[in-house]
There are 2 protein chains.
Amino acid sequence: MTWINEAPRIPCRDGAVFIVQIKATVPISIASLKAACSQCNLQELCLPFGMTENEIDRLDELVGTRRKIKRQQHLYRAGDLFEAIYAIRAGSFKTDVLLEDGREQVTGFQMTGEILGLDGISTEFHTCNAIALEDSEVCVIPYGKLEELSRQVEGLQHQFHKVMSREIVRDHGVMMLLGSMRAEERLAAFLLNMSQRFTARGFSAAEFHLRMTREEIGSYLGLKLETVSRAFSRFQEDGLVAVQQKHIRILDIAGLRKLLQHQPSGG
Amino acid sequence: MTWINEAPRIPCRDGAVFIVQIKATVPISIASLKAACSQCNLQELCLPFGMTENEIDRLDELVGTRRKIKRQQHLYRAGDLFEAIYAIRAGSFKTDVLLEDGREQVTGFQMTGEILGLDGISTEFHTCNAIALEDSEVCVIPYGKLEELSRQVEGLQHQFHKVMSREIVRDHGVMMLLGSMRAEERLAAFLLNMSQRFTARGFSAAEFHLRMTREEIGSYLGLKLETVSRAFSRFQEDGLVAVQQKHIRILDIAGLRKLLQHQPSGG
DNA sequence: TTTTGTGGTTGACGTGGATCAACGAGGCCC
DNA sequence: GGGCCTCGTTGATCCACGTCAACCACAAAA
């Protein structure tokens, strides 16, 4: 229930340092958790979206704990018992599925305010891995509590259903991308999607820093990392974007959008 | 509320014949709807799964109407206002998304007991098309009623969440397939999946009739119809399946499964 | 019965992206 | 500073699948 109890679940090389962090954050966390959602500036992007003030106040009892996850560490793994869903408070994640032979498919990249762990409801075990792309923090929402509260708070129930449905719609978009777009279209779609999500978070639509590698982008888009790299170079040649490693500046957003229509065909 | 009121929503070339059908089925429907779910032999595969007898009795008030959809007709279209989800009572469907330039991506094939329309919760408009692959019938579950009842009936709430989560997990599987498998692996995965779903419905695991065309399979698997056809032929040569048009007989299920592991790589 | 249409199969050929390989750039530790 | 390691870029070559086209099977219509 406290940070201390959560600590053993967080694998961490430099354990000592991390304990210090815990000690430092415990009093702050306990204080702020009393008003977890109602005070959070991510409301608009997160579970509370669209709920009334009264309803959000009731939400505060939902978030029992926060959890810090260091870069490259797992929030949960495929096969883990499902107990909670997670709202990203800071940082970003990728989710992936692994085949027995080692092939990896990245199924999504998640940013602040987005919800992780919905895959676990189905079987009560997680079916994918969630890995932090940078040092991150999540709000832990115990699933039993969420179901209980959403039986009482209509707005929460409705919003939770919307979050799940949005995930389904997003997945359909990815299927479209993987099933019928060519490499450059996929990357254009990816960049436009990132841009739009950064915008929603108050960052620049045109200039941002990708937290994932070319290989992870490639896995998500069903391409090899070399192909991703070549597509970036092509966009740069064509004056669509300025690329410097992970730093992206979109120069011609309309041009990127145009790439998405009427290509001859794809896959 | 009755078949008659629903009738105008069903586009139908041979209207006259259909009206006769309606007249014939109205009394039967009204009688059976009084005990929609509790009497239904699809319980195990559908929304009531895992609920207690008492809970299922309460479910009966949920299904207001049934709707017949003829082959090739839409249950709903992208852009339609979202009002209800649908449980397939008989027949089968495909769902697809269309790009402006006409490209189609089939996002799924649905069989009896499966739920359609979850994509609409997110924005209150449907985001994909649902088209009957054969003459079919669905139970119409008004969404408002479902939310209301699932605030009262814990088992319903839980089961509904599981259905949504299962859809997310399924989509991840398709992403894996589209993103990192080669053509024959995709088709093998598809056949094994169909076989498993037919089995769950009491049909033969080894012999079944596909309701969709090669082109639809191809769209779902991110392949061209010729590639699907060639893969079928290859499987036949290798003694894995006997294919005669849409009729499939699996001869070596272990062989198909083996195709799914340890291929060198994909894409 | 022939006709027409839709869906499926098969072959020949082209190509987008995978593969293999070399090299460059930035971050981190010593 | 220098060595190491991960990540990214770029080039040369290959091949799985797309494309184009001919033909076949079956069903419904004439």
Side-chain angles (χ1 to χ4, degrees), chain A residues 13-14 70-72 94 103-106 131 133-135 177-188 190 209-238 241-248 259 263-267, chain B residues 13-14 70-72 94 103-106 133-134 177-188 190 209-238 241-248 259 263-267:
Chain A
R13 252 168 298 165
D14 45 347
K70 286 202 164 280
R71 189 174 121 83
Q72 299 283 39
K94 71 168 176 181
R103 276 180 283 182
E104 176 197 34
Q105 175 68 35
V106 171
I131 298 140
L133 293 175
E134 58 193 307
D135 292 0
L177 184 147
L178 291 170
S180 29
M181 289 185 181
R182 42 190 53 237
E184 293 186 7
E185 293 180 273
R186 296 185 199 189
L187 188 63
F190 170 74
H209 191 84
L210 298 175
R211 317 309 309 217
M212 66 294 283
T213 67
R214 297 290 189 264
E215 185 166 18
E216 288 164 332
I217 297 173
S219 171
Y220 180 61
L221 299 179
L223 302 168
K224 291 294 165 187
L225 66 95
E226 294 94 330
T227 306
V228 173
S229 182
R230 275 186 250 269
F232 268 126
S233 302
R234 186 78 205 290
F235 286 177
Q236 181 140 278
E237 279 169 37
D238 296 352
V241 296
V243 185
Q244 201 177 9
Q245 316 275 75
K246 291 189 156 78
H247 192 86
I248 305 291
L259 267 183
Q263 288 308 81
S265 169
Chain B
R13 251 169 300 166
D14 46 347
K70 287 202 163 280
R71 188 174 123 82
Q72 299 283 39
K94 71 168 176 180
R103 276 180 283 181
E104 175 197 34
Q105 175 68 35
V106 171
L133 294 174
E134 59 194 306
L177 183 147
L178 291 170
S180 30
M181 290 185 180
R182 41 188 55 234
E184 292 186 6
E185 293 179 273
R186 297 185 199 190
L187 188 63
F190 171 74
H209 191 83
L210 298 176
R211 318 306 312 216
M212 67 293 284
T213 67
R214 298 290 189 263
E215 185 167 19
E216 288 164 332
I217 296 172
S219 171
Y220 180 62
L221 300 179
L223 302 169
K224 290 294 164 188
L225 66 94
E226 293 94 329
T227 306
V228 174
S229 182
R230 275 186 250 269
F232 268 126
S233 300
R234 186 81 204 289
F235 286 177
Q236 181 141 278
E237 278 169 38
D238 296 351
V241 296
V243 185
Q244 201 175 11
Q245 315 275 76
K246 292 189 156 79
H247 192 86
I248 307 290
L259 268 183
Q263 289 307 83
S265 170

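Throughout, protein chains are lettered first and strands after them, A, B, ... in sequence-line order, and every chain is numbered starting at 1.
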Between [N] atom [atom2] and [X] atom [atom1], what is the distance in whole Å?
| X | N | atom1 | atom2 | result |
| --- | --- | --- | --- | --- |
| A/K224 | D/dC17 | NZ | P | 13 Å |
| A/Q72 | C/dC28 | CD | P | 13 Å |
| A/E215 | C/dA18 | CD | C1' | 14 Å |
| A/E216 | D/dG8 | CD | C1' | 13 Å |
| A/R182 | C/dG16 | CZ | C1' | 7 Å |
| B/Q245 | C/dT10 | CD | P | 11 Å |
| A/H247 | C/dG26 | NE2 | C1' | 16 Å |
| B/Q244 | C/dG7 | CD | C1' | 14 Å |

Item to complete: Look at the side-chain N and O atoms of B/T227 and state whether any lies under 4.0 Å from the OP1 or OP2 oxygen of D/dC17.
Response: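 Answer is no, no contact under 4.0 Å.
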Worksheet item: Closer than 4.0 Å, any side-chain N/O of B/K246 to the OP1 or OP2 of C/dG7?
Response: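 No, B/K246 has no side-chain N/O under 4.0 Å of OP1/OP2 on C/dG7.
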Practice prompt. Tell me which nucleotide among C/dG8, C/dG26, D/dC17 gets nearest to the side chain of B/R214.
Written response: C/dG8
Worksheet item: Can you tell which of D/dG18, C/dG8, C/dG17 lies closest to the side chain of B/L223?
Response: D/dG18
Discussion item. With a 3.5 Å distance limit and no angle check, can you tell me whether B/R211 reaches the backbone of B/E134 through a side-chain donor-acceptor pair?
Written reply: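 Here the side-chain-to-backbone pair does not exist.
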Practice prompt. Would you kindly check whether a donor in the side chain of B/E226 faces an acceptor in the base of D/dC20, or vice versa, at under 3.5 angstrom?
Written response: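 Such a pair exists between side chain and base.
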Worksheet item: With a 4.0 Å cut-off, would you call A/D135 and A/R71 a salt bridge?
Response: no
Discussion item. As an exercise, state the distance from CZ of A/R214 to OG1 of A/T227, rounded to the nearest 0.5 Å.
Written reply: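 Result: 12.5 Å between the selected atoms.
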Practice prompt. Kindly compute the distance separating CD (B/Q105) from CE (A/M181), expressed to the nearest 0.5 Å.
Written response: 9.5 Å
Discussion item. By the 4.0 Å heavy-atom rule, please label B/S233 as base, sugar-phosphate, or nothing.
Written reply: sugar-phosphate
Discussion item. Reading DNA chain C from 5' onward, which residue's closest nucleotide shows up sooner: B/R230 or A/R230?
Written reply: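 By nearest-heavy-atom nucleotide position, the 5'-most residue is B/R230.
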Fill in: B/R234/B/E184 under side chain to side chain contact (heavy atoms under 4.5 Å, CB included): CA gap, chis, key distance, verdict
CA-CA 9 Å; B/R234 186 81 204 289; B/E184 292 186 6; 3.2 Å; yes
